[in-house]
Amino acid sequence: MPLDTSVSGKEMSVKELYGIRATIGDYHLCARNLLSGEKFEISRNNPIRKPWVTTTPFNYQLQQDAMEVEFVRPLGALYLQSADGEPEDLSGLINSNGLLRFEVLTLEQPTETISVTIGNAFLAHNDQLSATVVDITDQLQNGLNKWVTIQVPLSELIENDIQNGKTDIPFALISNGKLKLVIANIHLMSSSSDT
């Protein structure tokens, strides 16, 4: 299935982070309990059960190219981290009307706010989230039991933690309540002429 690389009729270049077109090993899909700080890398091949989250590989377009995630307790995060832990410069994407884009199949209505961010300010979670986030709860509720594509302008995700546009976490989804969904094809997009 070809990826639609146009937005509003304008051709975009794509940086694949997770999904069928991403290079395995460039980024690690991880889960974190924002209350306890417990975290782990999600296996692309094996289900994982923790008291606060379960993950199961999901066949979307190809075998095990997506991930089903269920946060059974509040304050969980699903995020991508660069494999080498080195920050990447996203300033070109941010300055060129770049987008964070991913596909989601919501399996159960979210019980609380669901948001996305970039950078690692969300890792220092306490009673008040310090990261700049974009609320996608309505988009997830509208996509109950059907695949939807979510697009968020990177300019809306700028936060103090990203120094000079650099971060080792180019995607994070934060659930303030229980959540069950499948996520696939996470990527960053920018105008072809800006890359």
Side-chain angles (χ1 to χ4, degrees), residues 3-5 7 11-34 37 39-44 53 55 58 60 65-67 69 71 75-104 114-125 129-136 139-140 148-175 179 181-195:
L3 174 67
D4 178 11
T5 59
V7 175
E11 192 64 25
M12 305 288 275
S13 63
V14 178
K15 178 176 181 66
E16 300 294 346
L17 302 176
Y18 181 84
I20 64 172
R21 292 171 192 85
T23 303
I24 294 175
D26 284 355
Y27 297 92
H28 297 295
L29 186 62
C30 304
R32 184 179 185 107
N33 181 319
L34 297 176
K39 64 180 179 176
F40 65 93
E41 185 178 326
I42 296 172
S43 169
R44 281 179 150 315
V53 66
T55 65
F58 188 90
Y60 175 34
D65 62 337
M67 188 61 61
V69 179
F71 288 108
L75 296 173
L78 177 71
Y79 63 99
L80 285 167
Q81 187 162 25
S82 60
D84 60 9
E86 292 296 318
E88 292 185 72
D89 187 353
L90 300 181
S91 59
L93 290 166
I94 293 165
N95 296 330
S96 68
N97 299 319
L99 297 170
L100 168 65
R101 186 163 143 176
F102 56 99
E103 295 176 69
V104 176
I114 310 301
S115 52
V116 293
T117 190
I118 56 176
N120 57 17
F122 76 94
L123 296 175
H125 189 76
L129 188 63
S130 60
T132 300
V133 299
V134 172
D135 185 338
I136 60 166
Q139 292 170 288
L140 293 179
V148 294
T149 300
I150 296 178
Q151 293 184 156
V152 179
L154 290 177
S155 60
E156 293 181 19
L157 297 172
I158 302 302
E159 33 110 328
N160 295 331
D161 182 61
I162 299 177
Q163 299 297 321
N164 301 318
K166 294 183 178 180
T167 183
D168 65 334
I169 300 179
F171 168 84
L173 182 142
I174 301 164
S175 175
L179 174 66
L181 56 70
V182 178
I183 192 159
N185 297 326
I186 305 168
H187 48 270
L188 302 173
M189 302 178 76
S190 67
S191 300
S192 294
S193 59
D194 299 319
T195 56

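Not measured: the values here are computed from a predicted model. What's counted below: heavy atoms across the whole structure, side chains too, no hydrogens, waters or symmetry copies.
- Note that OG of S115 is 7.0 Å distant from CG of L173, once rounded to the nearest 0.5 Å.
- In this structure, F40 and I42 have side chains that are in contact, with non-hydrogen atoms separated by less than 4.5 Å.
- No side-chain heavy atom of V53 sits under 4.5 Å from any side-chain heavy atom of L78.
- We find the CG-CD1 distance between L100 and I150 to be 9.5 Å, quoted to the nearest 0.5 Å.
- Residue R101 holds its CZ atom at 13.5 Å from CD1 of I186, rounded to the nearest 0.5 Å.
- Atom OG1 of T167 sits about 8.5 Å away from atom CD of Q81, to the nearest 0.5 Å.
- Looking at every heavy atom in both residues, A83 comes nearest to G25 through CB-O, 2.9 Å.
- Nearest heavy-atom pair, E88 versus S82, reported as atom, atom and distance to 0.1 Å: OE2-CB, 4.1 Å.
- Between L17 and the choices D26, L29, L80, N185, the side chain to side chain contact (heavy atoms under 4.5 Å, CB included) rule is met once, by L80.
- Scanning all heavy atoms of the two residues, the minimum distance from Y27 to P170 falls at CE2-CG, 3.8 Å.
- Distance CZ/F71 to CD1/I174: 9.5 Å, rounded to 0.5 Å.
- R21 has its side chain out of reach of H187: every pair of non-hydrogen atoms, C-beta onward, lies at least 4.5 Å apart.
- The two atoms that bring M189 and V14 nearest to each other are CE-CG2, 4.1 Å, heavy atoms only.
- At distances below 3.5 Å, at least one donor-acceptor pair connects side-chain atoms of D65 with backbone N or O atoms of Y60.
- Partner I136 forms a side chain to side chain contact (heavy atoms under 4.5 Å, CB included) with one of V148, V104, V116 and no other, that one being V116.
- To the nearest 0.5 Å, atom CE of residue M67 and atom CD1 of residue I183 are 10.5 Å apart.
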